[in-house]
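Everything below concerns the one structure shown next.
The chains referred to below are lettered A, B, ... by the order of the sequence lines, with proteins before strands, and numbering in each begins at 1.
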Amino acid sequence: MRTEKPKGRDGGLVQIERMIELEVDGRAVRVPEGSTILDACKKLGVDTPTLCFAENLTPVNACRVCVVELEGSRTLVASCSRKAEPKMVVRTDTERVRSSRKMVLELLGSSVNMSAAGEFENWCSQYHAEPERLGTPSHAPAVIDNDLFVRDYSRCMLCYKCVEACGDDAQHTFAIVMTGRGGEAKIATEFDVSLPESACVFCGNCVGVCPTAALQFRREHTLREAGEWDLAKQTVTKTVCPYCGVGCVLELHVQGDEIVRVTSPSDSSVTDGHLCVKGRFGWGYVR
Amino acid sequence: MDVGRDTQSPEDRVRSVIDHALAPFAEGAQIPRHALLPVLRAIQSSQGWISKTAVAHLSQRMGIAQAELYGVASFYHLFSMEPSPRRVLHVCDDVSCRLRGSRAIVERLSLACAPEGEAREDSAWRRSPCLGQCERAPAALQLIAGDVPKERTFTVRSPEHAEEIFRSPDEGSAAELSDIVVRQPRESLRLLRRVGVVSPTSLDDYRAHGGYQGLRRAHARGPAWVLRELGEAKLLGRGGAGFPAGTKWSAVASCPGREKYIVCNADESEPGTFKDRVLMEGDPFAVIEAMTIAGFTVGAEKGFIYVRGEYPLAATRLEAAIGEARAHRKLGSNVDGSGQRFDIEVRRGAGAYICGEETALLESLEGRRGEPRSKPPFPVHEGLFAKPTLVNNVETLCAALDVVARGAADFASIGTKDSTGTRLFCVSGNVANPGVYELAMGYSLRELLALAGAEFSRIRAVLLGGAAGTFLRGDEIDLPLTFEDTRRVRATLGSGSVVVIDDKTSMMDVLRGLAWFFRHESCGQCVPCRVGTIRVDELVQRVRAKVPLGSWEDERGRLTDLGRVMRDASICGLGHTATSAIESAFERFGLWPDRAEKKGGA
Ligand SMILES: Cc1cc2nc3c(=O)[nH]c(=O)nc-3n(C[C@H](O)[C@H](O)[C@H](O)COP(=O)(O)O)c2cc1C
Ligand code: SF4
Ligand code: SF4
Ligand code: SF4
Ligand code: FES
């Protein structure tokens with residue numbers, strides 16, 4: 001199945017891309033072998049909601065908001081992880097797809113606070129989702145056990161992104177994992193010890209990937225609690241991290257006269273979106 | 001490790017338990033991840049729980065982060081991550097045991113002994129999902145931690161008996177169980193014919209009753225012949241999904257390479273199912289012979305039997321039989337002098353229904369949380385350790401042995417055109433003679449129930465295929481028990497579980513039990529199932545209490561929507577089928593309070 005990767009001119013690897021043709025919503029589309037159905041949708045400009053998916057992480061396909069109909073498949077399939085195959089016939093605009101997405105949004109919104117989760121509320125109106133019809137999330141106080149970031153698990157949708165960023169996909173620290181099972185599953189350290197007692201090295205990569213603001217910079221948390229967090233008032237400035245010679249690209253999010261969070265673009269070839277404690281948190285003095 | 005045991009601190013003691021369990025691996029060598037569950041079991045069964053000291057030491061020995069170990073261990077309900085008393089009594093409170101009085105037992109224990117989950121001296125009790133002892137219901141399993149851990153299975157004869165077990169000392173028999181009773185005439189049996197007749201530990205006895213004729217035939221005629229016979233026999237999988245066994249075996253056989261695996265799925269946790277237990281306890285060599293034939297046919301040299309954690313006797317008997325088979329060169333580097341290399345290892349689960357799903361089972365074997373993988377890729381191409389893997393149910397393997405030993409024509413001459421051979425049915429609940437019955441496919445449910453001594457005029461419902469199955473009404477039991485006939489009425493034979501519910505039983509109580517089961521057993525990985533099973537459980541509780549959220553029409557819409565998204569968008573079969581029995585009950589019985597039948601309802 002795998003294609004040989006011949007050496008390129010510069011000694012690097014050049015992938016010979018075999019193209020695959022499939023059909024999405026009646027339109028033909030060609031994508032390189034190894035692409036997902038989601039890639040094909042994107043290429044056609046078919047808008048697809050995703051929550052647990054991120055370009056720089058291995059898909060876990062856990063949230064199921066990206067499902068599409070695939071001819072020949074008994075159930076819907078997750079477009080973010082299902083590899084495109086020649087002659088696949090995919091539909092994204094059917095009642096069945098819309099109804100599943102609506103239900104996933106309702107199930108999520110009825111169980112956790114999704115108000116800070118990107119486009120969640122837009123999708124709710126787009127899919128006519130009314131989460132309250134299934135229940136309302138219970139509130140639990142955020143875990144504040146260090147100076148750099150807080151963990152507000154009443155916002156946690158269990159998307160595994162922080163686990164992947166802390167583990168195999170970036171940091172290789174394995175400080176936080178999925179624990180328990182079913183309705184009792186939650187992200188935690190071993191025996192739920194505090195982060196300073198755990199293996200955590202405070203790289204903040206988990207904060208960087210969290211889609212729901214369950215993980216927040218301390219400053220962000222303070223502002224949100226005070227009702228002063230305001231994305232509209234924030235500007236983003238790109239710079240290169242001054243701490244070492246690697247040259248990580250930083251995005252400084254500024255509200256008023258202070259830096260309220262630091263991210264790195266997930267498509268950056270240097271960082272893949274991930275940083276270390278200095279780049280992520282070492283800007284407290286910059287005002 | 002025995003030296004100075006009495007003077008050792010608990011910390012030292014748990015460290016030596018770990019070192020002892022890891023002794024087969026060389027000091028300093030990288031210990032493979034798949035060794036994890038057996039070590040966790042060793043810790044649990046010697047200490048009664050898995051402490052911080054244990055996790056820290058294990059982390060250091062295996063080079064796996066502490067959080068990672070904790071994440072795995074906390075997935076399995078037989079592992080306790082908090083200090084726990086030495087003796088824990090797991091009282092089955094699932095559908096079949098409830099029909100046989102488990103509620104009274106649970107009540108008695110909470111009043112007379114301790115609230116559920118709380119320790120009294122060194123004992124505690126808790127409710128358990130189906131223990132797979134339904135013909136001996138109400139059942140309980142007592143796990144006693146210690147240097148010589150004990151696992152005792154009981155038929156709880158009365159609430160007083162439960163109290164006695166809770167307080168009784170550790171001594172006493174390993175199991176207080178009646179023997180397996182096979183009530184049918186021997187001549188009519190194929191898979192059960194040796195059960196209760198042969199000594200399950202004697203290879204000679206097994207051979208004297210036709211054992212190892214199949215393997216000899218396979219060796220003489222070759223893999224291609226076996227594959228052809230299986231295909232012609234039209235054997236369909238008995239684990240629930242009914243996938244053609246021949247197709248699966250051929251797929252693995254055609255994968256290149258020598259590193260392939262045979263995995264026997266003996267996780268049997270579908271409520272009301274106990275047939276695999278009966279086969280493993282009563283005829284363990286048959287399972288071993290069948291796996292050896294599978295190894296020979298598809299070109300695998302290693303097999304694993306994943307036995308659910310709650311089946312101590314099955315695991316012991318299989319291990320003993322594997323030892324015997326090795327001693328007689330029926331396993332090893334030159335099986336029967338044929339040149340075949342094959343060996344088998346028994347692995348035990350730790351309390352997780354989801355680990356019966358084949359990819360969750362593989363994850364668990366690899367030492368991870370039992371979270372199902374998304375398919376494709378399928379296990380036949382990328383299974384255990386990402387190698388081609390044949391996963392078959394215990395009964396499927398035994399039926400394949402029957403095909404090989406007697407030939408496809410003989411097998412296919414039994415049953416119907418599309419459902420060949422015999423099938424094991426586990427009948428439990430309100431019948432006079434609960435037990436495993438082997439019938440050629442095509443007999444009607446009524447005929448099966450007659451064998452088990454059901455009182456037809458009193459049948460309110462039959463739950464066919466387990467919690468993931470369908471309810472039938474008392475007037476629907478003329479249904480022939482075949483794949484095609486059940487499919488026609490949108491039912492399923494599933495795991496072969498048949499639970500009979502009489503007219504004294506509240507259907508809403510039964511449904512609450514099922515909803516609780518799925519909520520308890522969802523792995524939690526995907527949103528439709530993790531949150532959906534909770535919402536369905538809440539909805540069932542509201543119907544039971546006759547307090548709707550909004551109107552009953554709203555509640556009906558909610559159930560339909562939940563069922564639909566779980567079927568359509570969940571990752572695995574658990575989510576796909578979690579509402580099927582519940583929805584089938586609402587369709588068939590007047591359970592909605594605003595549409596209640598005169599006599600029916602809750
Ligand atoms: C939630 C769930 C639980 C399952 N439990 C079992 C089980 O306990 N035993 C079993 O053999 N198959 C079980 N299965 C089916 C397996 O995934 C798989 O289909 C089967 O082991 C294949 O074997 P077969 O082809 O011989 O039937 C389960 C499936 C699901 C979705
Ligand atoms: S800050 Fe870094 S090390 Fe700590 S939990 Fe997050 S990803 Fe893991
Ligand atoms: S904390 Fe955030 S990133 Fe981690 S699982 Fe929860 S929602 Fe996802
Ligand atoms: S359907 Fe349920 S059991 Fe299956 S993967 Fe999803 S959460 Fe886990
Ligand atoms: S984005 Fe595809 S399953 Fe979550």
Side-chain angles (χ1 to χ4, degrees), chain A residues 51-52 59-65 67 69 74-78 81-83 85 96-97 99-108 110-112 133-135 157-160 163 166-167 172-193 198-200, chain B residues 50-52 55-56 59 64-77 81-82 351-352 354 369-371 374 376-377 381 518-535 537-539 549-550 554 557-558 561-562 564-571 575-576:
Chain A
L51 281 162
C52 67
V60 290
N61 53 83
C63 79
R64 318 303 285 179
V65 78
V67 286
E69 222 171 307
R74 195 167 41 84
T75 61
L76 303 181
V77 302
S81 60
R82 185 59 181 265
K83 292 266 184 290
E85 289 166 29
R96 203 171 157 209
V97 169
S99 149
S100 264
R101 290 182 182 174
K102 162 182 180 281
M103 282 304 292
V104 167
L105 294 168
E106 289 185 348
L107 288 166
L108 274 175
S110 74
S111 55
V112 288
R133 149 182 115 92
L134 297 181
M157 59 163 286
L158 297 177
C159 70
Y160 291 74
V163 175
C166 188
H172 292 282
T173 298
F174 302 94
I176 47 171
V177 294
M178 192 66 76
T179 66
R181 183 167 96 200
E184 260 105 62
K186 61 173 191 172
I187 307 291
T189 59
E190 65 276 14
F191 298 94
D192 228 348
V193 300
S198 78
C200 175
Chain B
I50 297 173
S51 61
K52 281 190 182 176
V55 167
S59 163
I64 302 175
Q66 293 193 42
E68 182 76 15
L69 294 178
Y70 179 81
V72 173
S74 63
F75 184 86
Y76 298 93
H77 283 175
M81 307 312 288
E82 290 162 9
I354 190 56
R369 296 163 58 80
E371 293 176 356
S374 50
H381 298 121
F518 284 113
R519 177 179 184 159
H520 192 256
E521 297 300 332
S522 161
C523 86
Q525 189 180 198
C526 67
V527 172
C529 171
R530 179 182 71 240
V531 189
T533 51
I534 296 174
R535 297 289 174 257
D537 184 33
E538 291 166 348
L539 190 148
L549 181 60
D554 292 342
R558 235 174 246 127
D561 289 351
L562 287 166
R564 204 161 163 229
V565 71
M566 290 167 73
R567 253 187 317 280
D568 271 350
S570 297
I571 293 179
H576 297 154

Is chain B contacted by the side chain of A/Arg82, its backbone, both, or neither, given a heavy-atom distance below 4.5 Å?
side chain
So for B/Ser570, is it side chain, backbone, both, or neither that comes closer than 4.5 Å to the heavy atoms of chain A?
backbone
Among A/Ala185, A/Ser111, A/Gly167, which residue forms the greatest number of heavy-atom pairs with chain B at distances under 4.5 Å?
A/Ser111
At a heavy-atom separation under 4.5 Å, does A/Ser198 approach chain B through its side chain, its backbone, both, or neither?
neither
Greatest number of non-hydrogen atom pairs under 4.5 angstrom with chain B, of A/Thr189, A/Thr75, A/Ile176, falls to A/Thr75
So for B/Tyr76, is it side chain, backbone, both, or neither that comes closer than 4.5 Å to the heavy atoms of chain A?
backbone
Identify which part of B/Ile64 has an atom lying under 4.5 Å from any heavy atom of chain A, answering side chain, backbone, both or neither.
neither
From A/Val77, A/Val60, A/Asn61, residue fulfilling side chain to side chain contact (heavy atoms under 4.5 Å, CB included) relative to B/Ser374
A/Asn61
Turns out that what part of B/Ala56 lies under 4.5 Å from chain A's heavy atoms comes down to neither
With rounding to the nearest 0.5 Å, note down the distance linking OG1 in B/Thr533 to CG in A/Leu107.
9.5 Å
Most heavy-atom pairs under 4.5 angstrom with chain A, which of B/His576, B/Arg530, B/Arg567?
B/Arg530
Measuring only between side-chain heavy atoms, which start at C-beta, is A/Met103 closer than 4.5 Å to B/Leu562?
yes
Structural part of A/Ala199 lying under 4.5 Å from a heavy atom of chain B
neither
Could you measure the distance from the CZ atom of A/Arg181 to the CD atom of B/Glu371? Nearest 0.5 Å is fine.
11.0 Å
Rounded to the nearest 0.5 Å, what's the gap from CG on B/Asp568 to CZ on A/Arg101? Could you check?
12.5 Å
For A/Ala175 and B/Ala67, work out which heavy atoms get closest and say how close.
O-CB, 3.3 Å
Decide yes or no for A/Tyr160 and B/Gln525: does some side-chain heavy atom of the first lie under 4.5 Å from some side-chain heavy atom of the second?
yes
Among B/Ala569, B/Ala65, B/Gly524, residue most engaged with chain A (heavy-atom pairs, under 4.5 Å):
B/Ala569
Donor-acceptor check, side chain of B/Arg558 to backbone of A/Arg133, threshold 3.5 angstrom: yes or no?
yes
Where do B/Pro528 and A/Arg64 come nearest, in terms of heavy atoms and distance?
CD-CG, 3.4 Å
Among residues at least two apart in sequence or on other chains, which ones pass salt bridge (charged side-chain N to carboxylate O under 4.0 Å, His left out) with B/Arg535?
B/Glu538
Please classify the contact between A/Val193 and chain B as side chain, backbone, both or neither, with a heavy-atom cut-off of under 4.5 Å.
side chain
Between B/Met81, B/His77, B/Met566, B/Glu68, which has the largest tally of heavy atom pairs under 4.5 Å with chain A?
B/His77
Separation between CG (A/Leu76) and CZ (B/Arg564), nearest 0.5 Å, reads 8.5 Å
d(A/Phe191 CZ, B/Ser51 OG) to nearest 0.5 Å is 6.5 Å
Between B/Gly550, B/Gly532, B/Pro376, who has the most heavy-atom pairs with chain A when the cutoff is under 4.5 Å?
B/Pro376
Structural part of B/Ile571 lying under 4.5 Å from a heavy atom of chain A:
both
For A/Asp192, the salt bridge (charged side-chain N to carboxylate O under 4.0 Å, His left out) test, sequence neighbours excluded, returns A/Lys186
Bottom line for A/Ser110: the part with an atom under 4.5 Å from chain B's heavy atoms is both
Check each atom of A/Val104 against the heavy atoms of chain B and say whether the ones under 4.5 Å are side chain, backbone, both or neither.
both
